[in-house]
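Single-structure report; data block below.
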Amino acid sequence: MPHDNIVNLIAGILLYAAEIGGFFLSTVFYLLFAKKHKRPVKTLAEFKDGKYPTVNVFIATYNEDEMILSRIITAAKNMTYPGIHKVYVLDDGHRDEIKVLSEKLGVNYVNRDNNDHAKAGNLNNGLDVTDGELIVTMDADMVPRSDFLLRTIGYFADEEVGFIQSPQTFFNNDPYQFNLFSEGLIANDQDFFMQSIEAQKDAYNATMYVGSNAVFRRKALEDIGGFSTGVITEDMATGMLVQAKGWKTAFVNENLASGLAPETFGDLITQRDRWARGNIQVARKWNPIFTKGLTLMQRIIYMDGIHYWVSGIYKMIYLFAPIVFLLFGVYSLRASLAGIMLFWFPAFITSQLAFNTVSEGRQTIMLTNVYETVMAPYMSFAVMREALFLSKNKFAVTRKGVNTDETYYNWRLAMPVLVILVLSILALIKGILIMLGIVPFKEPVNAVYINVFWLCYNISALALAAFMPFERPRFRKAERFPDNKSVEVYSLDGQKLGAGNLNDWNEIGAAMTLNREIVSNFDQVVSNGSKVIINVEGHSIEGIVSRNQVKDEEVYMAISYVNLSEENYAYIISQTYALASTIYKPIRYNNSISVIFLSLMRNHFKVFQKPKKG
């Protein structure tokens, strides 16, 4: 067989394998969504005798700072529950300051002599030193709503329920939203999985444990020897093994706790690299196909979840196939233009419409293509390294609470995407020249048309992907949350200075708009550096004025809190972070790639005219 035929055969086999893999992923996806699943709500009224199980709340931490931990400790401590619930800070960072913080806030601090098995080992150590009937696991950056226990514990009135999972939602913008200037245009890239796919898996008792915002029955954990160790995605393995033991599980589709998404593109890559490698490790240690106790659908769903991480390799094949054809004449697909229009094009349009319907406007095929393109080089590399036993079995903690005034382009992370983008543009230029008859080409021109269209589709995603490594400044140490609560401002001696509404606030400070009807010379009485008292819903909070701009009949004022009491701190946390997932998210998004690109172009060069070196 001629050399070029062998190369074409290999390219064709790779493309065919990618198509078959994609077909299986799509089949399971649409099988999950064949019928809308909604689980009936269970409340504490399910406990007819009024005897409620004891609850231990585990906050696993390693390197999160005190501000982040203060939020979750305060919120967890103040959760409403008629039974007994105790909070435990499981500190694998061995930090004296976190011990002091825990004691100050009145919760239990747990340390251990080593860091064996990372997070899973930390949680298992927590099991050893506690005795609660139910275990709540919370990542350190999450902040639960005050009714978290009220909305979850009722499911455990059924003695066969092993664990429940609620979605992880996020109060900050992830790197897709932030770096693409698409806040309000697109959802967090995890929202569709967390709130839709997980709900559909629940129909088959296959809800995946995602490491946080979950409640376990201690007996179920003891049944499998505790949280799973030996893999870096201990959460997925733990949930699967509990289900394999015959325990029922449930997905409570309410936004009951919200946390921090990765804040830089590099942190996002670190997180997804860990997830990809961890899934391959689980397949190696507890392959769902051979795990006793799982039903057929549970096996299919868990294998599909592992298979998803291989799709990065499929995407790389799709990205390179038209490039190698137009630049090097290597065939991966032989088809006529008429055949493509008759068979592929209707399927392409149908898939767009079907996915848009299933996602209920939260996501589109085009946006998914961007996400997959951004991640493909890194995820495919991670999967292949892990499959070949070349990666280190190390648990990499995702940084949280990043703030910086720098703007820079991460060239190291950008390089794979930039290389593919440049090659795609060169191939597109050559394809256009061939169609114009300027450059000779031995293959039929119909094949060129097909690959030029293919390249345009790829380039639309690669162009956005190339902007992801541009890191924008994140100036705030803590997220600000919009609000419109009524606010009154007083001097320290009790004189009322103004009234109006909050604009936004957090545990550090607040911004507000006030009228000037009470004190006409407000700008003379109050200046930057003045101390004032603001009253919000009966809570008096002292602060120093950091901005005081008078315009017409309104005053735009900002303060930084001082002497913030524990009661006021708890109130602010309950009204901001704990409610972020329910009241600060747009219901519907504009996922149009063209709209996202226009927003990016309109805002990008304002920020990055003089990028600083990263």
Side-chain angles (χ1 to χ4, degrees), residues 55-77 86-132 134-144 163 168 209-216 218 221-222 224-239 257 259-263 267 270-275 277-278 281-282 285 391-402:
V55 178
N56 296 153
V57 182
F58 287 178
I59 302 171
T61 177
Y62 178 68
N63 61 358
E64 293 81 6
D65 67 29
E66 290 186 50
M67 176 179 286
I68 290 175
L69 284 167
S70 293
R71 296 170 193 159
I72 183 172
I73 293 172
T74 299
K77 174 185 171 183
K86 298 179 181 179
V87 178
Y88 293 84
V89 177
L90 311 181
D91 181 23
D92 251 7
H94 317 289
R95 294 163 293 172
D96 291 337
E97 64 272 21
I98 302 305
K99 181 179 181 181
V100 171
L101 175 68
S102 301
E103 292 172 349
K104 174 185 174 183
L105 295 178
V107 299
N108 302 283
Y109 177 83
V110 178
N111 201 349
R112 57 179 178 147
D113 296 333
N114 55 62
N115 291 72
D116 292 350
H117 301 298
K119 182 181 176 182
N122 194 12
L123 293 171
N124 284 332
N125 183 63
L127 286 175
D128 291 340
V129 299
T130 60
D131 58 5
L134 302 180
I135 307 296
V136 178
T137 63
M138 283 280 173
D139 284 345
D141 60 280
M142 286 285 161
V143 181
F163 79 84
Q168 288 190 38
Y209 170 46
V210 296
S212 184
N213 304 9
V215 187
F216 279 87
R218 182 180 287 268
L221 289 170
E222 291 173 346
I224 63 169
F227 291 92
S228 303
T229 59
V231 295
I232 57 176
T233 49
E234 81 297 325
D235 43 11
M236 173 200 171
T238 299
L260 279 167
E263 292 168 291
D267 292 329
T270 298
Q271 181 191 70
R272 302 306 158 84
D273 177 272
R274 183 177 76 243
W275 292 354
R277 291 188 295 118
Q281 291 173 9
V282 170
K285 188 170 183 178
S391 65
K392 296 179 180 179
N393 189 19
K394 184 179 179 181
F395 188 98
V397 178
T398 306
R399 296 185 307 163
K400 299 294 174 65
V402 177

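- For the pair I72/P144, a side-chain contact is recorded, criterion being any heavy-atom separation below 4.5 Å from C-beta on.
- Around atom NZ of K104, no more than 12 heavy atoms belonging to other residues, nucleotides or ligands sit under 6.0 Å away.
- In terms of heavy-atom proximity, A75 sits nearest to V143 at CB-CG1, 3.6 Å.
- The two atoms that bring N56 and Y88 nearest to each other are ND2-CE1, 3.7 Å, heavy atoms only.
- Heavy-atom contacts from other residues, nucleotides or ligands closer than 6.0 Å to NZ of K77 number more than 12.
- Judged purely by atom type and a 3.5 angstrom limit, N124 uses its side chain to pair as donor or acceptor with the backbone of F227.
- Taking OH from Y209 and CD from E234, the interatomic distance works out to 6.5 Å, rounded to the nearest 0.5 Å.
- At distances below 3.5 Å, not a single donor-acceptor pair connects side-chain atoms of D139 with backbone N or O atoms of D141.
- Between atom CZ of residue R71 and atom CE of residue M142 there is a gap of 12.0 Å, rounded to the nearest 0.5 Å.
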Between R218 and T130, does a side-chain contact (heavy atoms from CB on, under 4.5 Å) hold up when you go through it step by step? CA-CA 10 Å; R218 182 180 287 268; T130 60; 2.8 Å; yes
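- Summarising the geometry, atom CD1 belonging to I73 is positioned 9.0 Å from atom CD belonging to E66; distances are rounded to the nearest 0.5 Å.
- Considering N111, I59, L123 in turn, L123 is the only one that fulfils the side-chain contact (heavy atoms from CB on, under 4.5 Å) rule with L90.
- In this structure, Q168 contributes its side chain and V210 its backbone to a donor-acceptor pair below 3.5 Å.
- A donor-acceptor pair under 3.5 Å is absent between the side-chain atoms of K119 and the main chain of Y62, judged by distance alone.
- Looking at D92, its side chain never comes within 3.5 Å of a backbone N or O of N122 through a donor-acceptor pair.
- To the nearest 0.5 angstrom, S70 atom OG is 4.0 Å from L101 atom CG.
- With values rounded to the nearest 0.5 angstrom, T229 atom OG1 is found 13.5 Å from I232 atom CD1.
- The minimum heavy-atom distance linking V282 with A237 is given by the pair CG2-CB, 4.1 Å.
- Scanning both residues, G230 and H117, for their nearest heavy atoms gives N-ND1, 4.1 Å.
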For M138 and V87, what are the C-alpha separation, side-chain angles and deciding distance, and is it a side-chain contact (heavy atoms from CB on, under 4.5 Å)? CA-CA 10 Å; M138 283 280 173; V87 178; over 6 Å; no
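- S102 places no side-chain N or O within 3.5 Å of a backbone atom of Y109 that could act as its donor or acceptor partner.
- Panel note: side chain T61, backbone D91; no donor-acceptor pair is recorded below 3.5 Å.
- Residue N114 qualifies as enclosed at atom CG: its count of foreign heavy atoms under 6.0 Å is above 12.
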Please step through side-chain contact (heavy atoms from CB on, under 4.5 Å) for the pair L127 and F58, ending with a clear verdict. CA-CA 9 Å; L127 286 175; F58 287 178; 4.1 Å; yes
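- Between A140 and E64 the shortest heavy-atom distance is CB-CD, 3.6 Å.
- Heavy-atom minimum distance, L69 versus I98: CD1-CD1, 3.5 Å.
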